[in-house]
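Please read these numbers as outputs of a predicted model, since none were measured by experiment. The sequence lines fix the lettering, A, B, ..., with proteins before strands; numbering per chain opens at 1.
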Amino acid sequence: MSHILPRSFYIRHPTVVARELLGKVIASHIDGEELTGRIVEVEAYLGLADPAAHTFGGKTERNAVLFGPPGFAYVYFIYGMHYCLNFSCEPDGVPGGVLIRAVEPLKGLDTMVRLRGLASSANPRLLASGPGKLCQALGITRSTHNGLDVTRKASPLQVFDDGYSPVSILATPRIGIRKAVEEPLRFMAAENEFIRTKR
DNA sequence: GGAGCGATGTCCT
DNA sequence: GGACATCGCTCCG
């Protein structure tokens, strides 16, 4: 039996939320269709104490969601062409979030292939194996998804617990950042076939 | 399978 | 004006 993760799930420290998000299922509703994927790779961003976090310099219009209540989607635009998806953590007023880096596509693969602009013969591993890729595969953009409450029953973006949990979790430094590059705040479901090269 | 690199818009100093 | 929580292509082995 699967259920939507409640707000209390997200109210904790980003490191705890990040680890526990592994194995949970993201559901995106696009044009009446449900697309789902299991979270296999995440990174924690720690708010004011973390030089690599968008919230490090304080609250701005862009990062306001991360300062708000837990359980909301923070979607930002990066490198002129990609979106990245995070979920806000910590109590209202305390910044913090978890970046979703990869999901294992479960449902709606044909639509994901189309949204990604790939050939129908494409390897499913290429569909959502990166933060920009998974947003494209799930139809997530800043204008449509930033600030959405993912704990709401009617939300077009939700996160479910379907009872699955990863056998073991791998922790490594985060990637693609320039500051605080040593902190082991990237977490992966170690046994999953959809994570990329380990290190 | 990995290093190098260009594309490209938005945010913040 | 520079940095940027990326991706996919090329070229090389």
Non-neighbouring partners of E90(A) that pass side-chain hydrogen bond (donor to acceptor under 3.5 Å, both in side chains), sequence neighbours left out: none

Measure all distances between protein nitrogen or oxygen atoms and nitrogen or oxygen atoms of nucleotides 9-13 of chain B, and list the pairs falling under 3.5 Å.
unit_1: dC11(B); atom_1: OP1; unit_2: R142(A); atom_2: NH2; d: 3.2
unit_1: dC12(B); atom_1: OP1; unit_2: T60(A); atom_2: OG1; d: 2.3

Flag side-chain contact, heavy atom, 4.5 Å: I26(A) against L85(A): yes

May I have the step-by-step check of side-chain hydrogen bond (donor to acceptor under 3.5 Å, both in side chains) for H145(A) and Y83(A), ending in yes or no? CA-CA 10 Å; H145(A) 288 75; Y83(A) 295 101; over 6 Å; no

With a strict under 4.0 Å distance from non-hydrogen atoms of chain A, what nucleotide opens and what nucleotide closes the contacted stretch of DNA chain C, reading 5' to 3'? dC4(C) to dG8(C)

So that I can tick it off, tell me whether R7(A) and D92(A) are bridged by a salt bridge, with the cut-off set at under 4.0 angstrom between side-chain N and carboxylate O. no

Any heavy-atom pair between the side chains of R116(A) and L127(A) that's under 4.5 Å? yes

A cation-pi test, strictly: NZ or CZ of R12(A) under 6.0 Å from the centre of the six-membered ring of Y10(A) and no more than 45 degrees from its axis. Yes or no? no

Within residues 109-119 of chain A, find the residues that approach DNA chain B with a heavy atom at under 4.0 Å, and present them sorted by residue number. none

Take R186(A) and M188(A) through the side-chain contact (heavy atoms from CB on, under 4.5 Å) test and state the conclusion after the steps. CA-CA 7 Å; R186(A) 176 186 182 220; M188(A) 289 171 282; 3.7 Å; yes

Counting Watson-Crick and G-U wobble pairs whose two distances are both under 3.5 Å, find the runs of 3 or more in a row that involve DNA chain B. B:1-7 with C:6-12, B:9-12 with C:1-4

In the structure I gave you, are the side-chain heavy atoms of V181(A) and P173(A) within less than 4.5 Å of one another anywhere? no

Cation-aromatic face contact R38(A)/Y164(A), 6.0 Å, 45 degrees: yes

What residues in residues 128-141 of chain A put a non-hydrogen atom under 4.0 Å from any atom of DNA chain B? none

Minimum heavy-atom distance between L185(A) and T15(A), given as atom pair plus value: CD2-OG1, 3.7 Å

Given side chains that start at C-beta, do those of V150(A) and F87(A) come closer than 4.5 Å, heavy atoms only? yes

On the six-membered ring of Y45(A), is R174(A) placed so that its NZ or CZ lies under 6.0 angstrom from the centre and within 45° of the ring axis? yes

Can you tell if the side chain of L66(A) reaches within under 4.5 Å of the side chain of Y76(A), non-hydrogen atoms only? no

Step by step, would you call I39(A) with I100(A) a side-chain contact (heavy atoms from CB on, under 4.5 Å)? CA-CA 7 Å; I39(A) 298 170; I100(A) 309 302; 4.2 Å; yes

N123(A) CG: over 12 foreign heavy atoms closer than 6.0 Å: yes

